[in-house]
Amino acid sequence: MILISGGAGFIGSNFVHHLIRKTSDSVVNIDALTYAGNLRNLADLDEANRHVFLHGDIRDAQLLRDTLTRYRPKAIINFAAESHVDRSIAGPQDFVHTNVLGTFQLLSAAKDYWTALNNQERDQFRFIHISTDEVYGTLHVNDAPFTERHAYSPNSPYAATKAASDHLVRSYFHTYGFPAITTNCSNNYGARQFPEKLIPLCINNALTGKSIPIYGDGNQIRDWLYVDDHCAAIQATLEQGTPGEVYNIGGWNEKTNLEVVSAVCGILDNQKPRVDGRSYADQITFVRDRPGHDRRYAIDASKIEREIGWRPAETFDTGIRKTVQWYLDNQAWVADVTSGAYRQWINKQYADN
Ligand code: NAD
Ligand code: TYD
């Protein structure tokens with residue numbers, strides 16, 4: 001049994017599907033079902049196919065204790081987080097609550113549980129903390145990509161709360177010998193990503209005839225990784241990673257935001273041409289920049305390749321085609337997650353532009 005937190009969100013739900021497909025493990029999945037968590041992401045899974053869903057919050061110490069006692073997992077993987085930078089700028093409090101206090105509660109319950117295991121179980125137990133490259137801050141165009149030794153320098157409230165959680169995880173290994181591993185990954189894209197993030201927002205706005213907002217000059221750079229590749233990296237880390245270590249995960253795929261959005265528009269032009277025959281790229285609109293916008297992220301993923309043997313399977317070209325096709329094939333999912341609360345966020349976030 002493996003305990004997953006945040007498994008109704010984007011990466012967590014892809015990882016639950018990955019584990020069920022690739023291993024014989026069962027999953028107990030604790031998720032608070034915030035705006036970003038969606039049971040539709042898990043609709044094809046139930047107890048018969050090794051998935052137990054628990055609606056709950058990682059800040060709930062009693063729920064965590066009861067769940068650990070009942071299911072006795074051999075590993076915990078912490079995906080639960082508030083994950084959107086723009087929301088952290090508009091309201092950082094939820095980020096402190098979930099990312100910092102929630103990770104602390106999960107660590108604390110996990111450490112108590114681990115301490116009481118027998119020797120063999122204790123040796124085999126792992127806690128994997130899923131984090132981000134944004135903790136390292138920003139790079140100039142000619143800087144070398146982030147290695148695991150790069151100093152932490154978080155710039156957004158999101159990145160600062162993830163950095164705090166990474167430090168807590170690190171301290172539990174160094175202080176208590178608790179077998180935790182942190183992975184810091186670059187920007188993910190793929191199926192089931194909530195359409196507040198650049199790629200699904202671009203696809204959704206293109207298809208609904210809205211403008212496609214590019215912050216600032218659009219020359220900011222991100223290192224894009226297809227979500228299935230991230231899932232494979234996490235599984236490999238779970239099986240072969242060394243407790244106390246940090247692994248950077250990235251796609252070796254640096255792109256400017258304009259390149260990403262142009263690629264999406266080009267695929268849509270082929271797959272679902274606009275009725276007026278023009279390109280979706282006509283909908284691109286430059287809007288006010290994000291405050292404190294990091295210019296460039298790039299991951300040096302050579303440590304995980306050297307020590308664990310993981311490398312991404314998808315190129316940006318293959319991954320982005322699959323992603324656009326998934327959104328075209330799953331318009332009911334999009335309609336479901338873009339009701340009510342979603343519209344309020346979009347109206348507020350893009351109001352002045
Ligand atoms: P997401 O926002 O899509 O999903 C987060 C999930 O956590 C949701 O299902 C939500 O309901 C759940 N959740 C939130 N608060 C909770 C709480 N207090 N208790 C229990 N569940 C709670 O996020 P994502 O993009 O899937 O990211 C997952 C993890 O990966 C996060 O830790 C994020 O920091 C990290 N990460 C994301 C990316 C990316 O590009 N998306 C890149 C690197 C790292
Ligand atoms: P995002 O998907 O929010 O991920 P992150 O901020 O964690 O990297 O944004 C990716 C890049 O796209 C980032 O440089 C901000 C930019 N962006 C836009 O230009 N327009 C948008 O509407 C959004 C949501 C993001």
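Counting convention: from 1, in listed order, for ligands and their atoms alike. What you see is a predicted model, and the numbers here were worked out from it, not measured in a lab.
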**Student:** Out of G216, P213, P195, S186, whose heavy atom sits nearest atom 20 (N) of ligand 2?
**Tutor:**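 The nearest heavy atom belongs to P213.
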**Student:** What do we get for T132 next to ligand 2 when only non-hydrogen atoms under 4.0 Å count, side chain, backbone, both or neither?
**Tutor:**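 The answer is neither; T132 stays 4.0 Å or more away.
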**Student:** Should the proximity of Y350 to ligand 2, defined as any heavy atom under 4.0 Å, be assigned to the side chain, the backbone, both, or neither?
**Tutor:**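 Within the 4.0 Å criterion, Y350 contacts ligand 2 through side-chain atoms alone.
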**Student:** Any nitrogen or oxygen of E196 lying under 3.5 Å from a nitrogen or oxygen in ligand 2? Just yes or no.
**Tutor:**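 For ligand 2, there is no N or O atom that lies under 3.5 Å from one belonging to E196.
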**Student:** Compile the donor-acceptor pairs under 3.5 Å between side chains in residues 50-59 and protein atoms, sequence neighbours left out, one pair per line.
**Tutor:**
from: R50; atom 1: NH1; to: T23; atom 2: O; distance (Å): 3.1
from: R50; atom 1: NH1; to: D25; atom 2: O; distance (Å): 2.7
from: R50; atom 1: NH2; to: I20; atom 2: O; distance (Å): 2.9
from: H51; atom 1: NE2; to: N29; atom 2: ND2; distance (Å): 3.2
from: H55; atom 1: NE2; to: A32; atom 2: O; distance (Å): 3.1
from: D57; atom 1: OD1; to: R59; atom 2: N; distance (Å): 2.8
from: D57; atom 1: OD1; to: R59; atom 2: NE; distance (Å): 3.0
from: D57; atom 1: OD2; to: R59; atom 2: NH2; distance (Å): 2.7
from: R59; atom 1: NH1; to: H97; atom 2: ND1; distance (Å): 3.3

**Student:** Side chain, backbone, both or neither: which part of L201 has a heavy atom under 4.0 Å from ligand 2?
**Tutor:**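 Looking at L201 and ligand 2, just side chain atoms fall under 4.0 Å.
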**Student:** Can you tell which of Y189, W224, Y215 gets a heavy atom nearest to atom 25 (C) of ligand 2?
**Tutor:**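 Closest candidate by heavy-atom distance is Y215.
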**Student:** For atom 16 (C) of ligand 2, state which one of D86, N257, T256 supplies the nearest heavy atom.
**Tutor:**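 Shortest heavy-atom distance from atom 16 (C) of ligand 2: N257.
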**Student:** Show me the pairs that pass ring-ring contact (aromatic ring centres under 6.0 Å, His included) and involve residues 243-281, at least two apart or across chains.
**Tutor:**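 Pairs touching residues 243-281 that pass the test: none.
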**Student:** Heavy-atom contacts under 4.0 Å between R222 and ligand 2: side chain, backbone, both, or neither?
**Tutor:**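 Side chain only.
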**Student:** So which residues, sorted by chain and number, lie with a heavy atom under 4.0 Å of ligand 1?
**Tutor:**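 Residue list for ligand 1: G6, A8, G9, F10, I11, D31, A32, L33, T34, A36, G37, G56, D57, I58, F79, A80, A81, S83, T98, I130, S131, T132, Y158, K162, C185, S186, N187, N188.
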**Student:** For residues 251-273, which residue pairs qualify under salt bridge (Lys or Arg N to Asp or Glu O under 4.0 Å), counting only residues two or more places apart or in two chains?
**Tutor:**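 As it turns out, the salt bridge (Lys or Arg N to Asp or Glu O under 4.0 Å) pairs with a partner in residues 251-273, which skip direct neighbours, are E254-R296.
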**Student:** What atoms of ligand 2 come within less than 4.0 Å of a heavy atom belonging to E134?
**Tutor:**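 Checking each atom against E134, I get 5 (P), 7 (O), 8 (O).
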